[in-house]
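Everything on this sheet refers to the single structure shown next.
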Amino acid sequence: MTQTGMFSESTRKPTRSTGPRYLPPNLRSPQNGNAAFLDAGAPEFTPSRFYSPQPARTTRGRGRGRGPRYTPRRNPNWEDEKFDELEVVDDTLEEVKVPNNLDAYEDIPVQVSGDNIPPPVKTFAEIDLGDCLKQNIRRCNYIKPTPIQRHAISIAVAGRDLMACAQTGSGKTAAFCFPIICGVLKHPLTVARRGGGGSGLACPFALILAPTRELSCQIYEEAKKFAYMTGVQIAVAYGGTPIYQQLRRLEKGVDILVATPGRLVDMVERAKVSLGMIKYLALDEADRMLDMGFEPQIRKIVEQMDMPPPGTRQTMLFSATFPDEIQRLASDFLSDYVFLAVGRVGSSTDLIVQKVELVQEMDKRNHLLDLLHSQRSNATPHSKHFLTLVFVETKKGANELERWLSRNGFPAIAMHGDKVQMEREQALRSFKSGATPILVATDVASRGLDIPHVAHVINFDMPKNIDDYVHRIGRTGRAGKCGLATAFFSDKNLPLAKSLTELMKESKQEVPSWLSQHAENYSAGTGSAGGWGRHGRGDFGGYDFRKDTASSSTYNNAYAVPAIDGYYAASAASVNVPYGYTYGYGSIVASGWD
DNA sequence: AAAAAAG
């Protein structure tokens, strides 16, 4: 029996205009040195100040091989400013209550569909997570759950399978880690995880899969914090590094294994890991994990090794985007699952100002230099420390652009999958620390990575599909901070015009008229014919694909703007939704954890 | 025609 209904919950309003600036709970820890950029006395970051557009030039005096050679070094200005000062936070902001009938556009909708949906919680306290875990949640300075956490944790703790779609930076990691840790704690600690008493076969209770090595590392680090002093054993397995240390760690016993697919398969085939005891399976960036390149490997792990079948394990899939053809694949892994969607455009993305500039391929480099010069000359004492993340299409292109920028006075470093793991991690560290404030990356860095202080994401080469664009720009505008995203749009990108226009409209961005024009002219057909990008329909994953078959057209009519989540609650609020709940929220608290 | 993920 499908539940239907519509609920509105009391909302909190973030205060932006007056008083101390709002700081998300997770950044309030005195140990969190990265909170420094939010220095209370500093002028607030505004994209317009950070960047003023300049016309593209077709020629420029700087040629290849001219200009000073770049030697990596620490940014000399970096140490002037303390990077670990703390924000003054007015805690009473937490208590500000706003009436339910808040302007609908302020609301972040949460849509839940499925059978017998466990109701959401309002606080961590009301869920039986166990004292240890709750203490860690407090230690991490999580005050209140974000919308994705309110719903997902409740659903997961109730033992239900889950497909969850929530915007970048909204706390997805915690949303699946808490229930998993809680579940592990509820099981008596057996010797199974120790490989049946020293047999060397690790039998984790929970498996978390992620698409890149760096992301597995990040999840592992987060999970360790959440599991601090609980006795829950966590290990990580990914490639590019000798397997021996990872195996030695596994021999000590593991409850939760965080892994990338290739290394995990290797370990299972070497009979070092058994998936036979898995009770929890979580896929982060699940749509990526099931795309063309990854799907066979994931199917192998989930369906062709010794993993218990759906229904006997609990499966949770998370991503910011969930195209319906991927939902269809994913449903193979799930049993009687709940679909949960939190507006993608809402909190995270409406803090990101999106610019699109028409640039010919051959002019891109000079245009980038113009942009960076402009950014540099507009820099305030604070914004000069902000980081810029430049996305390119190819690994070769990343190397070339790194070289070009470095030679032209902009310390940059490249990160891509052809570098050895040490170099990749070094590049990321150097970027995070500010030593190299520009990172030129392929899509290896587009998903999930939480890099504080990225104020500007530049799509030097546009991605082939709109979902990747969403993930890329989601590297900025995190944790309630503003961000700027600039796209270099060239002739090559015409197929993306329509979906990009739709996305920008839904996130209340100014769409250049030339882009709207292209969107109309080039209607991109539908689907992926002719390439590996998906264009067209603009279904950005904010709804449950099951509704297509589960319900009448009334349902679809209820979603005049089904695609880009953020604001459809405004229209859905006045109509009946026959397949699930729609909740309204005030702007959510971005937690900084994906 | 790409990136990622095992070595």
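Throughout, a chain's letter reflects where its sequence line sits, starting with A, and its residues are numbered from 1.
Taking atom CG on A:Asp287 and atom P on B:dA3, their separation rounds to 19 Å, with Å as the unit. A:His416 places its NE2 atom 12 Å from the P atom of B:dA5, with the value rounded to the nearest Å. The distance between atom CG of A:Asp418 and atom P of B:dA5, rounded to the nearest whole Å, is 10 Å. The distance between atom CZ of A:Arg288 and atom P of B:dA4, rounded to the nearest whole Å, is 10 Å. Straight-line distance from the NZ atom of A:Lys395 to the P atom of B:dA1: 15 Å, rounded to whole Å. Taking atom NZ of residue A:Lys464 and atom P of nucleotide B:dA2, one finds them 9 Å apart after rounding to whole Å. Following rounding to the nearest Å, A:Asn459 (CG) and B:dA2 (P) show an atom-to-atom distance of 18 Å. Going from atom NZ of A:Lys396 over to atom P of B:dA3 covers 11 Å, rounded to whole Å.
The minimum heavy-atom distance linking A:Thr476 with A:Gly483 is given by the pair OG1-CA, 3.3 Å.
For NZ of A:Lys279, the number of neighbouring non-hydrogen atoms (other residues, nucleotides, ligands) closer than 6.0 Å is greater than 12.
Electrostatic pairing of A:Asp443 and A:Arg472 counts as a salt bridge here, judged by a charged N lying under 4.0 Å from a carboxylate O.
Counting any heavy atom pair closer than 4.0 Å across all strands shown, A:Arg270 reaches no nucleic acid atom. As judged by a 4.0 angstrom heavy-atom cut-off over every strand, A:Gly293 is placed among the base-contacting residues.
Contact between the side-chain N/O atoms of A:Thr442 and the OP1/OP2 oxygens of B:dA4 is found at a separation under 4.0 Å. Contact annotation: A:Arg213 reaches the phosphate of B:dA6 (side-chain N/O to OP1 or OP2, under 4.0 Å). Listed pair A:Arg424 / B:dA5 meets the phosphate criterion, a side-chain N or O lying under 4.0 Å from OP1 or OP2.
Comparing B:dA6, B:dA4, B:dA2 by their nearest atom to the side chain of A:Thr394 picks out B:dA2. Each of B:dA3, B:dA6, B:dA5 was ranked by its minimum atom distance to the side chain of A:Tyr238; first place goes to B:dA6.
Sorted by first then second residue, the ring pair (Phe, Tyr, Trp, His ring centres under 6.0 Å) pairs that include residues 232-278 of chain A, not counting sequence neighbours, number zero. Applying the ring pair (Phe, Tyr, Trp, His ring centres under 6.0 Å) rule to pairs touching residues 416-438 of chain A yields nothing, sequence neighbours excluded.
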